[in-house]
Amino acid sequence: MDAVLHDLALHWPLYAAMPFIAALIGYVTKRVAIEMMFRPLDFVGIPPLLGWQGVVPKHGGRMAAVATELLTANLLDLREVLERVDPVIITSELEQPLLRAVDHIAREVIAEHHPRLWEVLPTLAQEMLIKQVQASAPRLVREFVDDVRENLDEVLDVQHMTVQRLTRDKALLVRLIRETSRPEMAFIARMGIYFGFGLGLVQTIVWAVTREPWVLPVFGGVIGLFTDWLAIKLIFVPREPVRVGRVIFQGKFQRRRAEVARQYGELIATEVLTVQNLLDAVLRGPRADRLAALVENVVSEAVDAQMPLAWTVGGTRLKEMKHAAARKALAQLPDTARYAEGYLTEAMDVAKVIEQRMLALTPLEFEGLLRPAFRQDEWKLIAVGGVIGFVVGELQVLLMLG
């Protein structure tokens, strides 16, 4: 004991520093583990084994599929959301751009497919014909909106759209997980300091008593491993509040349910299920041909309503004109729909719907929102913490014995 006390007195600055170094080990290993989850977006190194890619971007496809499954199964019924859209209001929002589009398409198609007819028609007759087509446009838009809602599954694959969006944009997937889990990441780093300091006190005592060179690297490795593992566990468990005396314990992610629901809803609404993305998926997705068929039906009805034109043109040419008008209407759709984007976003209110549904999830379902991000290669993150702790412990040995 005298020898231990003598050594403590002789090297007290080094002994005093050991818990703080352990706390630093705990913090650094956590920060490294956190960054390794998200960075780099692409593999850096010599493939396939020597190098690293962030856990989230590496498993982006699988994580996107999990997130989409949660979104479509538990959080959002797109049909229900679209029921909020009033066809009358959307027609009113589109009135002027719609009239301009109809005017442009009608003139182009008739002039292209029956130039002689268009040339011989007096200007007044041309204008009357255009006005007749325009007059039927609002009714046809309302019918079109109803058709899309009734046949939503045939024209839009929400799962395909969401997975494609999140897989194609790795940075978006990283941001989606990182933004909703930022406090949890900070918590992990802080826990590394607290747990590391506590274990560092034990490490100091064991070193003082044994003076064994292996104590510091082993303790450093244990600190890195244990604090990584425990910090991750404390994010999620216990799922339900557990009262111990006056203290209530619950996983940090579970305690932040209301905040996470709001953040997640806003991110999905502004980055994934936007009006522009939904329209793009409808126009260019795997079921785009179904939408084209709906548009052609609407255009065909509008053309057939102009009986004098139909009698004048004839069957074959009239059919060609219908196809041409439908193609041009589809091409004009994104520009025309842009004028109703504000109303559609407000009416659908995707963020609020997701937030309310998330608050109704069970604790286990709610955990599924973030847990996949940690589960993939979790052991590697913990192992890295252990390796860094071991290396720092070896440096401590050199310092103590030097």
Side-chain angles (χ1 to χ4, degrees), residues 33-45 47-48 51-76 78 81-82 152 155-185 253 259-288 291 333-335 337-338 341-342 344-345 348-355 357-358 368-378 380-381:
I34 290 168
E35 293 306 314
M36 288 178 67
M37 286 184 60
F38 303 110
R39 299 182 185 178
L41 290 178
D42 299 303
F43 186 88
V44 174
W52 184 259
Q53 181 181 11
V55 173
V56 171
K58 178 181 178 182
H59 299 282
R62 185 172 179 178
M63 289 188 184
V66 171
T68 301
E69 178 64 26
L70 175 67
L71 182 67
T72 55
N74 298 321
L75 301 183
L76 190 68
L78 200 57
V81 169
L82 288 179
L152 184 62
V155 300
L156 176 62
D157 187 339
V158 183
Q159 287 192 335
H160 178 271
M161 184 208 79
T162 308
V163 171
Q164 284 288 97
R165 173 78 174 142
L166 294 176
T167 305
R168 188 168 57 244
D169 190 348
K170 297 175 186 176
L172 173 59
L173 180 61
V174 166
R175 190 163 67 254
L176 182 64
I177 295 176
R178 190 158 202 167
E179 288 301 314
T180 53
S181 63
R182 192 171 294 278
E184 282 69 37
M185 301 304 167
F253 191 62
E259 182 184 351
V260 171
R262 178 181 55 77
Q263 289 178 331
Y264 194 79
E266 289 177 355
L267 279 168
I268 292 295
T270 57
E271 299 281 3
V272 182
L273 294 181
T274 65
V275 172
Q276 196 62 42
N277 287 344
L278 288 170
L279 184 59
D280 186 70
V282 168
L283 292 172
R284 298 178 179 83
R287 300 176 186 175
L291 180 74
L333 189 56
D335 287 336
R338 177 169 53 86
E341 190 170 338
L344 288 170
T345 301
M348 294 191 298
D349 200 5
V350 171
K352 192 66 176 179
V353 172
I354 292 177
E355 179 182 353
R357 294 287 178 84
M358 283 185 69
L369 180 68
L370 183 61
R371 185 61 176 150
F374 287 90
R375 187 173 289 119
Q376 295 293 338
D377 288 348
E378 181 177 305
K380 292 182 181 179
L381 301 178

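The model shown is predicted, which means the values in this text are computed figures rather than measured ones. Heavy-atom basis, side chains included; hydrogens, waters and symmetry copies ignored.
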Intermediate values then yes/no, side chain to side chain contact (heavy atoms under 4.5 Å, CB included), R338 and L279: CA-CA 10 Å; R338 177 169 53 86; L279 184 59; over 6 Å; no

Taking only residues two or more places apart in sequence or in another chain, which ones pass salt bridge (Lys or Arg N to Asp or Glu O under 4.0 Å) with [X]?
X	answer
R357	E80
R168	none
D280	R284
D157	R287

Can you give me the closest heavy-atom contact between [X] and [Y], atom names plus distance?
X	Y	value
Q159	T68	CA-CG2, 3.6 Å
N277	V272	ND2-O, 2.8 Å
G51	F43	CA-CZ, 3.6 Å
L152	L78	CD2-C, 3.9 Å
V163	T167	O-OG1, 2.7 Å
L75	M358	CD2-CG, 3.4 Å

Tell me, please, which residues at least two apart from [X] pass side-chain hydrogen bond (donor to acceptor under 3.5 Å, both in side chains).
X	result
D349	none
T345	none
Q276	none

Mind checking whether M348 and L82 have side chains closer than 4.5 Å, heavy atoms only?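 Yes, their side chains come closer than 4.5 Å.
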
Go through the steps to decide whether T274 and E341 satisfy the test side chain to side chain contact (heavy atoms under 4.5 Å, CB included), and finish with yes or no. CA-CA 9 Å; T274 65; E341 190 170 338; 5.8 Å; no

Side-chain ([X]) to main-chain ([Y]) donor-acceptor, under 3.5 angstrom:
X	Y	result
R165	E271	yes
Q53	L41	yes
S181	E184	no

Value rounded to 0.5 Å, distance of CE in M161 from CG in L166: 8.5 Å

Pairwise distance CG(L278) to CG(L344) - rounded to 0.5 angstrom: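 So the gap between those two atoms works out to 9.5 Å.
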
With a cut-off of 3.5 Å and sequence neighbours excluded, list every side-chain donor-acceptor pair involving residues 262-270.
{"from": "T270", "atom 1": "OG1", "to": "E266", "atom 2": "O", "distance (Å)": "2.7"}

Answer yes when K170 and D42 have at least one side-chain N-carboxylate O distance shorter than 4.0 Å, and no when they do not.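 Salt bridge flag = yes for D42 with K170.
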
Qualifying residues under side-chain contact (heavy atoms from CB on, under 4.5 Å), relative to E35, sequence neighbours excluded: R31, R39, R178

